[in-house]
Amino acid sequence: MDNSPIGQMVEAMLDKAYDVHPYKRPVIGYEQDIRNLTREDAKVF
């Protein structure tokens, strides 16, 4: 998503289109969440 202008647009559109619905969140998660993920977090998940 980060390297694609269309991907960034889709992510921004979904963020605006869905206030409460889970479709708002990207499947893999937001970049900040991924960067803060620890090995232990992944094992627990």
Side-chain angles (χ1 to χ4, degrees):
M1 291 281 191
D2 294 336
N3 295 334
S4 166
I6 293 174
Q8 291 175 10
M9 188 255 335
V10 169
E11 191 173 275
M13 181 207 57
L14 291 175
D15 188 54
K16 296 292 181 195
Y18 297 100
D19 287 334
V20 197
H21 198 278
Y23 285 169
K24 177 178 181 157
R25 294 184 297 276
V27 173
I28 194 169
Y30 292 104
E31 181 181 2
Q32 181 179 348
D33 296 335
I34 295 167
R35 290 187 185 276
N36 292 323
L37 189 66
T38 66
R39 183 179 293 221
E40 187 60 30
D41 291 336
K43 286 171 64 177
V44 169
F45 179 75

Which salt bridge (Lys or Arg N to Asp or Glu O under 4.0 Å) pairs, counting each pair once, include a residue from residues 28-40, with sequence neighbours left out? Glu31-Arg35
Does any N or O in the side chain of Asp41 come within less than 3.5 Å of the main-chain N or O of Thr38, such that one atom is a donor and the other an acceptor? yes
Between Met13 and Tyr18, is there shared hydrophobic-cluster membership here, with clusters defined by ILVMFWY side-chain heavy atoms closer than 4.5 Å? yes
Hydrophobic clustering (ILVMFWY, side-chain heavy atoms < 4.5 Å, transitive) - are Leu14 and Tyr30 grouped together? no
Non-neighbouring partners of Gln32 that pass side chain to side chain contact (heavy atoms under 4.5 Å, CB included), sequence neighbours left out: Asn36
